[in-house]
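The structure appears below as structure tokens.
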Amino acid sequence: MNELLKGQSRQDSLAAIVRFGHQEGRRSAAELAAIATAKNQRYQALIAHMTQADILPGMAGLLNDLANKGYPLAVASASYNAPVIIARLGLSNLLANVVDPGAVARGKPAPDIFEAAAAMIKSPCATTVGFEDAAAGIAGINAAGMFSVGIGSAVTLHEADVVFPATGDADLATIERLFVAKAARRSAPQQAID
């Protein structure tokens with residue numbers, strides 16, 4: 001169940017939990033809104049204590065490598081708390097472009113937030129790489145026509161173009177090599193098969 005909540009908005013996550021617990025119709029909209037608000041308040045109290053020490057293994061190096069190579073960066077998170085987390089981690093200089101999840105019509109697995117991120121950095125979707133730890137996010141990246149990088153379980157993220165088991169395993173050279181190979185396959189002329 002936890003895997004299904006990754007990449008989802010607060011409201012979509014709560015709706016999934018309600019369905020999973022067979023509790024549909026047992027709480028009013030006001031009660032559900034209060035639960036979502038209380039959950040977010042607890043979460044905000046936790047993230048208020050985040051520091052650069054909380055950056056996931058390998059991510060600071062990867063972000064710096066991307067920036068040093070001139071790749072534009074944007075964040076496409078379903079979380080309204082993303083700007084606070086980025087600031088607490090000391091990554092605002094690298095991750096200044098953050099899509100407002102409230103500004104897109106549909107959440108993940110729809111491609112909307114990823115398309116908005118690509119537009120924010122003026123990058124055509126076909127030449128954009130998206131990173132995700134959720135199956136819903138990988139589906140959204142793929143639907144946008146981007147190259148998808150999964151971080152986590154290869155079973156859960158099997159639709160990604162490449163999957164790294166953990167953040168510390170993500171390798172820019174591998175991503176670049178596989179991206180180029182996929183782009184070459186896309187542009188290769190299709191031959192008729194008899």
Side-chain angles (χ1 to χ4, degrees), residues 4-13 15 40 43 47 55-56 58-152 156-164 167 170-188:
L4 297 175
L5 302 180
K6 286 183 176 179
Q8 300 294 318
S9 71
R10 189 175 318 130
Q11 296 300 61
D12 290 344
S13 293
N40 191 52
Y43 184 69
I47 64 175
I55 297 173
L56 295 172
M59 286 295 98
L62 180 62
L63 290 170
N64 280 309
D65 289 348
L66 290 165
N68 289 337
K69 285 194 164 202
Y71 292 122
L73 304 173
V75 176
S77 175
S79 175
Y80 288 92
N81 296 307
V84 173
I85 293 169
I86 291 166
R88 296 290 310 158
L89 296 175
L91 297 173
S92 298
N93 61 324
L94 293 172
L95 300 174
N97 299 303
V98 181
V99 177
D100 173 2
V104 296
R106 301 172 296 163
K108 301 171 188 178
D112 302 26
I113 198 161
F114 298 105
E115 293 168 340
M120 185 177 273
I121 58 174
K122 298 175 179 45
S123 178
C125 288
T127 62
T128 301
V129 176
F131 291 77
E132 260 292 344
D133 67 347
I138 294 296
I141 292 168
N142 291 343
M146 298 176 178
F147 184 88
S148 55
V149 177
I151 307 287
T156 304
L157 305 175
H158 65 276
E159 292 184 7
D161 291 305
V162 62
V163 178
F164 297 100
T167 56
D171 175 63
L172 182 54
T174 299
I175 295 165
E176 289 172 326
R177 180 178 48 80
L178 294 173
F179 176 86
V180 169
K182 182 176 181 178
R185 286 192 308 275
R186 281 184 186 169
S187 64

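Source: prediction; values computed, not measured. For the single chain, residues carry numbers from 1 onward in sequence order.
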Exercise for the section: Carefully, step by step, assess V99 and M120 under the rule side chain to side chain contact (heavy atoms under 4.5 Å, CB included). Expected result: CA-CA 8 Å; V99 177; M120 185 177 273; 4.2 Å; yes
Handout entry: Sub-4.5 Å side-chain heavy-atom contact between L91 and M59
Key = no
Handout entry: T167 side, atom OG1; I151 side, atom CD1 - distance, nearest 0.5 Å
Key = 7.0 Å
Exercise for the section: Using side-chain contact (heavy atoms from CB on, under 4.5 Å) as the criterion, point out the one residue from L94, I175, L172 that pairs with L66. Expected result: L172
Practice task
Please report the closest heavy-atom contact between I55 and A60, naming both atoms and the distance.
Solution key: CG2-N, 3.8 Å
Problem - Side chains of D100 and Y80 in contact at under 4.5 Å (non-hydrogen atoms) - result: yes
Handout entry: Sub-4.5 Å side-chain heavy-atom contact between V129 and Y71
Key = no
Handout entry: E132 side chain reached by L157 side chain, heavy atoms, under 4.5 Å
Key = no
Problem - From I121 atom CD1 to T128 atom OG1, the distance as rounded to the nearest 0.5 Å - result: 5.5 Å
Exercise for the section: Rounded to the nearest 0.5 Å, what's the gap from CG on N97 to OG on S123? Could you check? Expected result: 11.5 Å
Fill in the blank from the handout: When every non-hydrogen atom of F131 is compared with those of L62, the smallest separation belongs to CE2-CD2, 3.9 Å
Practice task
Could you grab the distance from atom OG of S77 to atom CG of L95, nearest 0.5 Å is fine?
Solution key: 11.0 Å
Fill in the blank from the handout: Quick note, side chain to side chain donor-acceptor pair (under 3.5 Å) partners involving residues 135-151, not counting sequence neighbours, are N142-S148, S148-D161
Handout entry: Heavy-atom pair with the smallest gap, counting every atom of A160 and I138
Key = N-CG2, 3.6 Å
Exercise for the section: Over all heavy atoms of both residues, which pair between I141 and F147 is shortest? Give the atoms and the distance, please. Expected result: CG2-O, 3.8 Å
Just distance, no hydrogens or angles: give the donor-acceptor pairs under 3.5 Å from side chains in residues 110-118, sequence neighbours left out.
{"unit_1": "D112", "atom_1": "OD1", "unit_2": "R106", "atom_2": "NE", "d": "3.2"}
{"unit_1": "D112", "atom_1": "OD1", "unit_2": "R106", "atom_2": "NH2", "d": "2.7"}
{"unit_1": "D112", "atom_1": "OD2", "unit_2": "R106", "atom_2": "N", "d": "3.1"}
{"unit_1": "D112", "atom_1": "OD2", "unit_2": "R106", "atom_2": "NE", "d": "3.3"}

